[in-house]
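The structure appears right after this line, and notes come after that.
For the numbers below, each heavy atom of this structure counts, side chains included, while hydrogens, waters and symmetry mates do not.
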Amino acid sequence: MEVGRLPLSASQRGKLISAGYTTLASLSRLSPSHLARDLKVPEAEAYEILRVASHGSGLEQPDKHTALVNGGQTAWEILNEEMLLPRITTSCADLDYILGGGINCKEVTEIGGVPGIGKTQLGIQLAVNVQRPIGYGGLGGKAVYIDTEGSFMVERALQIAEASVVNMSCNSELTRKESEASQVERHPTDILEKIYYFRICTSTEQIALINYLDQFISEHKDVKIVIIDSITFHFRQDFEDFALRNRLLGGMALKLMNLGKKYTLAVVIFNQVTTKCTEGSFQLSLALGDSWSHSCTNRIILYWNGDERNAYIDKSPSLRSASASFCVTSEGITNSASNHKRIRVM
């Protein structure tokens with residue numbers, strides 16, 4: 001049960017969510033003094049909140065005939081399931097190659113890099129590409145785009161959508177897949193109508209929206225990708241308590257991972273970079289620290305190699321470390337302008 005459904009005042013529910021207490025389980029082992037300190041409320045009020053939460057948890061006791069744990073799967077079944085999962089193309093063949101075919105469903109993929117490297121461009125490209133039929137590198141679904149920085153440009157989305165329509169028309173003529181070609185959106189405006197856009201201005205709004213996504217996607221089951229651009233922005237600006245920040249971020253990462261598995265969709269999170277002192281020298285690394293780095297399934301770092309953009313798989317349980325070059329053009333993400341393939345295993 002979510003704390004948002006408890007019979008508390010709106011102010012109390014807001015304080016709980018802002019402090020990272022979004023479920024009854026997160027309140028189950030707290031003392032009134034601990035909760036009072038986190039919420040900055042009198043201990044008597046904290047005690048009353050915990051009392052209400054304890055009664056609320058009693059409402060969710062499972063029926064005696066209901067299993068508490070879902071049935072397990074064999075490793076063979078999991079392997080076959082993963083092999084059959086479709087992927088979302090990035091529109092760059094080299095990048096798709098090192099990703100095993102594109103962005104995978106049921107996983108949280110973190111993509112980070114310096115400003116201007118193409119993170120938002122890649123996010124918009126994925127929001128467009130997810131709408132392609134499965135045979136064309138998409139999932140035939142819709143996208144949720146969560147913008148925390150104000151970097152989403154609808155004019156750029158329209159430009160990429162127009163290029164996608166032209167590309168899909170050419171492909172359908174070449175491959176003569178009439179049955180699938182009929183599914184392809186013929187107008188760029190049709191593509192824009194299938195991108196649900198949320199503008200987030202505070203960390204509290206971001207937490208509330210992540211909590212709301214389960215309900216939203218249950219009502220829009222054709223959503224096949226959730227894009228957050230970026231996860232970092234408000235949590236670098238608003239927080240001095242790093243323990244609280246890590247708890248909030250960990251809770252969001254867990255909810256996003258569960259969404260991916262529950263609805264068989266892809267989750268793509270963009271991250272910023274920061275400087276990190278290692279053995280007396282300063283190096284660029286992705287923001288939010290080491291604890292956050294374990295919260296996502298895959299981690300991809302975008303970087304410059306001279307004048308060329310590159311993507312490097314820094315962490316993945318199923319993909320080997322490798323890098324590939326890509327371009328950002330007026331049509332969106334494309335293959336590198338170089339004539340030869342630039343893929344190297346690290």
Between [Y] and [X], is there a side-chain heavy-atom distance shorter than 4.5 Å?
| X | Y | value |
| --- | --- | --- |
| Val328 | Thr334 | no |
| Ile231 | Gln206 | yes |
| Leu8 | Val52 | yes |
| His220 | Ile217 | no |
| Arg132 | Asn167 | yes |
| Thr274 | Leu286 | no |
| Ile225 | Leu139 | no |
| Ser9 | Arg13 | no |

Counting N and O atoms only, with roles assigned by atom type, does the side chain of [X] sit under 3.5 Å from a partner on the main chain of [Y], one being a donor and the other an acceptor?
| X | Y | result |
| --- | --- | --- |
| Arg87 | Gly100 | yes |
| His234 | Ile200 | yes |
| Lys221 | Ser218 | yes |
| Asn335 | Ala93 | yes |
| Arg199 | Ile146 | no |
| Gln131 | Gly140 | no |
| Asp241 | Leu244 | yes |

Within this structure, what is the [atom1]-[atom2] distance for the pair [X] and [Y], rounded to the nearest 0.5 Å?
| X | Y | atom1 | atom2 | value |
| --- | --- | --- | --- | --- |
| Leu302 | Gln121 | CG | CD | 11.5 Å |
| Ile111 | Asp314 | CD1 | CG | 12.5 Å |
| Ile228 | Phe233 | CD1 | CZ | 15.0 Å |
| His34 | Leu30 | NE2 | CG | 5.5 Å |
| Ser151 | Met153 | OG | CE | 7.0 Å |
| Asp229 | Asp147 | CG | CG | 6.0 Å |

Regarding [X] and [Y], is there a side-chain donor-to-acceptor distance under 3.5 Å anywhere?
| X | Y | value |
| --- | --- | --- |
| Glu45 | Gln12 | yes |
| Asn129 | Tyr136 | no |
| Asn104 | Thr109 | no |
| Ser230 | Glu149 | yes |
| Ser325 | Asn310 | no |
| Ser91 | Thr89 | no |
| Gln159 | Ser330 | no |
| Asn298 | Glu110 | no |

Val267 and Glu107: side-chain contact (heavy atoms from CB on, under 4.5 Å), yes or no, with the steps? CA-CA 6 Å; Val267 178; Glu107 294 180 351; over 6 Å; no
Would a hydrophobic clustering, with Ile, Leu, Val, Met, Phe, Trp and Tyr connected at side-chain separations under 4.5 Å, put [X] with [Y]?
| X | Y | value |
| --- | --- | --- |
| Leu85 | Ile103 | no |
| Tyr97 | Ile333 | yes |
| Tyr197 | Leu122 | yes |
| Leu254 | Val144 | no |

By salt bridge (Lys or Arg N to Asp or Glu O under 4.0 Å) - contacts of Lys224 (at least two apart):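 Here no residue qualifies.
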Of the non-hydrogen atoms in [X] and [Y], which two are nearest, and what is the gap between them?
| X | Y | value |
| --- | --- | --- |
| Thr232 | Ala287 | CG2-CB, 3.7 Å |
| Arg309 | Gly118 | NE-N, 4.3 Å |
| Ile313 | Ile98 | CD1-O, 3.0 Å |
| Leu265 | Leu259 | CG-O, 3.9 Å |
| Leu95 | Ala311 | CD1-CB, 3.6 Å |
| Ile49 | Leu16 | CG2-CD1, 4.0 Å |

Centroid-centroid distance, Tyr212 to Phe198, less than 6.0 Å: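 No, they do not, as the ring centres are separated by 6.0 Å or more.
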Tell me if the centroids of the rings in Tyr145 and Tyr196 come within less than 6.0 Å of each other.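 Aromatic pair excluded; centres sit 6.0 Å or further apart.
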Is Tyr47 atom OH crowded by more than 12 heavy atoms from other residues, nucleotides or ligands, each under 6.0 Å away?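 No, OH of Tyr47 has 12 or fewer neighbouring heavy atoms, counting only those of other groups under 6.0 Å.
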Worked verdict on Arg299 versus Ser316 for side-chain contact (heavy atoms from CB on, under 4.5 Å): CA-CA 7 Å; Arg299 169 173 271 201; Ser316 175; over 6 Å; no
Looking at Lys194 and Asp222, does any basic side-chain N land under 4.0 Å from a carboxylate oxygen?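 No.
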Does Val114 form a side-chain contact (heavy atoms from CB on, under 4.5 Å) with Trp304? I'd like the steps, not just the answer. CA-CA 9 Å; Val114 297; Trp304 289 102; 3.9 Å; yes
Step by step, would you call Ile207 with Phe235 a side-chain contact (heavy atoms from CB on, under 4.5 Å)? CA-CA 11 Å; Ile207 295 166; Phe235 288 87; 4.1 Å; yes
Report yes or no: is the cationic atom of Arg247 (NZ for Lys, CZ for Arg) under 6.0 Å from the centre of the six-membered ring of Tyr21, at an angle within 45° of the ring normal?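 Yes - Arg247 lies over the ring of Tyr21, closer than 6.0 Å to its centre and within 45° of its axis.
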